[in-house]
A.B. asks: 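This is the structure I have questions about; it appears just below.
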Amino acid sequence: MTFKDLFSVQSASYAKFRPDYPPALYTWLAAQTPGHAQAWDCGTGNGQCAVHLAGFYENVYATDPSAQQIAHATPHNRVRYAVEPAETCGLPDASADLVTVGQALHWFRPEAYFREVARVLRPGGLFAAWTYGLPEISPEIDALVLQLHEGPLGTYWLPENRMIEKGYADIPFPFPLMAAPDFYVEKSYSRSDLFGLFDTWSATQRYIADHGRHPAEEIAAPLMAVWSENEVKTLRWRLVVKAGRPHEAPNL
């Protein structure tokens, strides 16, 4: 295994409980590329980004190093899935108008990955990565989620996970970044759905392996006191978008 395979075990839950990205994000991305023949979505997971990109690009090449994630990916006639590391892409040189990576850049080897991005992108092509942290629900529930995140799970987050909290500020981008609009993700959840979201956290799986129980047990009682079983709430995440044109960096 040459990558940190932290999501294969919960790949079905990942597809069900992770939020989808807003349509406005894809519309903005498509407006930034002069061509719309080919997009490459790296770390595609269940293919949620790839399928949306297929509405704007004739072909979408969607890759992930996890065979389990690809097995749960959503089929689409314009999307071709492949089990590949992000640092080694099967596309030819200068063949993509857009390269995207949603909530996965922190797992890649930056130098090797950005070289591959520059190889695959056409001149003038766009690279875009985005990430999100903890959701906003309500002050009481937000405090409980943070308690779980930094309490029992605090020591189970890897350094790569912590990059998300800093909005990828620690990742060296070897090309100029452009301004991007503010984008937000919203999704409706029941209380049990929130526990399903916790299951998709890689730290949760490591905690369960060590302790044989779910870390969310520590917040279950106070959470049930403020969120009834049949109540549906809207969770909201702010996206941090990092975008630019690698061919504007002459040494990449």
Side-chain angles (χ1 to χ4, degrees), residues 7 10-32 39 41 43-56 60 62 69 72-74 76 79 98 100-106 128-150 153 157 161 163-169 179-204 216 219-220 222-243:
F7 303 100
Q10 68 268 31
S11 53
S13 294
Y14 195 98
K16 181 177 180 181
F17 295 113
R18 284 294 179 105
D20 207 349
Y21 304 118
L25 171 65
Y26 304 105
T27 301
W28 180 78
L29 291 172
Q32 309 310 308
D41 184 43
T44 195
N46 58 41
Q48 60 173 313
C49 176
V51 169
H52 284 287
L53 289 174
F56 298 90
V60 179
Q69 286 279 28
H72 286 91
T74 304
H76 192 284
V79 178
L98 173 70
T100 58
V101 51
Q103 198 70 353
L105 181 61
H106 47 288
W130 54 89
T131 187
Y132 58 84
L134 295 177
E136 296 178 0
I137 311 170
S138 71
E140 299 87 353
I141 297 173
D142 293 353
L144 291 172
V145 173
L146 183 62
Q147 177 183 328
L148 171 65
H149 192 276
E150 296 302 323
L153 293 181
W157 296 111
N161 297 118
M163 291 181 185
I164 294 174
E165 299 167 16
K166 298 179 181 180
Y168 287 166
D182 290 331
F183 296 107
Y184 293 88
V185 179
E186 292 188 350
K187 186 173 181 176
S188 297
Y189 283 72
S190 66
R191 191 179 67 197
S192 61
D193 290 337
L194 181 64
F195 285 99
L197 177 65
F198 295 153
D199 284 344
T200 70
W201 291 356
S202 55
T204 298
I219 67 164
L223 182 62
M224 288 188 288
V226 295
W227 191 338
S228 62
E229 182 177 357
N230 297 320
E231 186 178 6
V232 174
K233 294 182 180 291
T234 299
L235 277 62
R236 190 172 191 254
W237 294 261
R238 176 180 176 271
L239 291 184
V240 175
V241 179
K242 302 288 188 178

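Everything numeric here is computed off the predicted structure, so don't read it as measured data.
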A.B. asks: CD1/I219 to CG/L148 distance, rounded to the nearest 0.5 angstrom?
C.D. replies: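 Here the interatomic distance stands at 4.5 Å.
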A.B. asks: Check the pair F195, L223 against side chain to side chain contact (heavy atoms under 4.5 Å, CB included), reporting the backbone distance first and the verdict last.
C.D. replies: CA-CA 10 Å; F195 285 99; L223 182 62; 3.5 Å; yes
A.B. asks: Is any side-chain heavy atom of Y21 closer than 4.5 Å to a side-chain heavy atom of Q48?
C.D. replies: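 Sidechains of Q48 and Y21: in contact.
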A.B. asks: Decide side chain to side chain contact (heavy atoms under 4.5 Å, CB included) for E136 and L235; before the verdict, give the C-alpha distance in whole Å, the side-chain angles of both, and the deciding distance to 0.1 Å.
C.D. replies: CA-CA 6 Å; E136 296 178 0; L235 277 62; over 6 Å; no
A.B. asks: Hey, which of L194, L144, V226, T234 is the one that makes side-chain contact (heavy atoms from CB on, under 4.5 Å) with I137?
C.D. replies: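 Result for side-chain contact (heavy atoms from CB on, under 4.5 Å) with I137: L194.
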A.B. asks: Sequence neighbours excluded, which residues qualify as side chain to side chain contact (heavy atoms under 4.5 Å, CB included) partners of E231?
C.D. replies: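 E231 satisfies side chain to side chain contact (heavy atoms under 4.5 Å, CB included) with W227, S228, K233 once adjacent residues are dropped.
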A.B. asks: Quick one: closest heavy-atom pair of G43 and A104, and the distance?
C.D. replies: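 Heavy atoms only, the tightest pair is O-CB, 4.1 Å.
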A.B. asks: Is any side-chain heavy atom of W237 closer than 4.5 Å to one of L134?
C.D. replies: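 No; the side chains remain at least 4.5 Å from each other.
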A.B. asks: Check step by step if side chain to side chain contact (heavy atoms under 4.5 Å, CB included) holds for D193 and F198.
C.D. replies: CA-CA 9 Å; D193 290 337; F198 295 153; over 6 Å; no
A.B. asks: Do D41 and T100 have a side chain donor and acceptor closer than 3.5 Å?
C.D. replies: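 There is such a pair (donor and acceptor under 3.5 Å, judged by atom type) between the side chains of D41 and T100.
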A.B. asks: Distance-only, no hydrogens or angles: does the Y189 side chain make a donor-acceptor pair with backbone N or O of F17 under 3.5 Å?
C.D. replies: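 Yes, because the side chain of Y189 sits within donor-acceptor range (under 3.5 Å) of the backbone of F17.
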A.B. asks: Could you tell me which non-hydrogen atom of A73 sits nearest to which non-hydrogen atom of G47, and how far apart they are?
C.D. replies: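 Where A73 meets G47 most closely, the heavy atoms are CB-N, 4.3 Å.
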A.B. asks: Under 4.5 Å between any side-chain heavy atoms of W28 and F183, yes or no?
C.D. replies: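 A side-chain contact exists here, since the closest heavy-atom pair is under 4.5 Å.
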A.B. asks: If every non-hydrogen atom of G167 is compared with every non-hydrogen atom of K242, which pair is closest and at what distance?
C.D. replies: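 What the structure gives for the nearest pair is O-CE, 3.2 Å.
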A.B. asks: Please enumerate all residues that pass side-chain hydrogen bond (donor to acceptor under 3.5 Å, both in side chains) together with R236, with sequence neighbours excluded.
C.D. replies: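 Here the qualifying residues are E186.
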A.B. asks: With no hydrogens and no angle check, is any side-chain donor or acceptor of S190 less than 3.5 Å from a backbone partner on V232?
C.D. replies: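 Side chain of S190 to backbone of V232, a donor-acceptor pair under 3.5 Å: no, none is there.
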A.B. asks: Less than 4.5 Å apart, side chain to side chain, heavy atoms only: is that true for Q69 and T44?
C.D. replies: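 When only atoms from C-beta onward are counted, T44 and Q69 do not touch, as no gap falls below 4.5 Å.
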A.B. asks: When you measure from the side chain of R18 to the backbone of T200, do you find a donor-acceptor pair of N or O atoms at a distance under 3.5 Å?
C.D. replies: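 Checked: pair present.
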A.B. asks: Is there a side-chain contact between V185 and P22 (heavy atoms, below 4.5 Å)?
C.D. replies: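 SC-SC contact between V185 and P22 confirmed.
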A.B. asks: Report the distance from atom CG of L98 to atom CD of Q32, rounding to the nearest 0.5 Å.
C.D. replies: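 The distance works out to 10.0 Å.
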A.B. asks: With side chain to side chain contact (heavy atoms under 4.5 Å, CB included) as the criterion, how do T131 and L239 come out once you've worked through the C-alpha distance, each side chain's angles and the decisive distance to 0.1 Å?
C.D. replies: CA-CA 6 Å; T131 187; L239 291 184; over 6 Å; no
A.B. asks: Are any of the side-chain heavy atoms of M224 and E229 separated by less than 4.5 Å?
C.D. replies: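 No - every pair of side-chain heavy atoms lies 4.5 Å or more apart.
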A.B. asks: Do the ring planes of Y26 and W130 sit parallel (below 30°), tilted (30 to 60°) or perpendicular (above 60°)?
C.D. replies: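 Rings of Y26 and W130: perpendicular, over 60°.
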A.B. asks: State the CZ-OG1 distance between F56 and T27, to the nearest 0.5 angstrom.
C.D. replies: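 Between atom CZ of F56 and atom OG1 of T27 there are 3.5 Å.
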A.B. asks: Which atom names give the shortest non-hydrogen contact between L153 and A203, and what distance separates them?
C.D. replies: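 Between these two residues, the closest heavy atoms are CD2-O, 3.6 Å.
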A.B. asks: Could you report the tightest heavy-atom contact between T74 and V51, atom names first, then the distance?
C.D. replies: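 So the minimum-distance heavy-atom pair works out to O-CG2, 3.7 Å.
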A.B. asks: Using every non-hydrogen atom in the two residues, find where V79 and A50 come nearest and quote the distance to one decimal.
C.D. replies: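 It is CG2-O, 3.7 Å.
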A.B. asks: Quick one: does R238's side chain get under 4.5 Å of Y132's, heavy atoms only?
C.D. replies: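 No; the side chains remain at least 4.5 Å from each other.
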A.B. asks: Going by heavy atoms in the side chains, are K187 and D20 under 4.5 Å from each other?
C.D. replies: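 Not touching, per the 4.5 Å side-chain cut-off.
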A.B. asks: Just verifying a value: how many Å separate H106 NE2 and K166 NZ, rounded to the nearest 0.5 Å?
C.D. replies: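 Rounded to the nearest 0.5 Å, the NE2-NZ separation comes to 14.0 Å.
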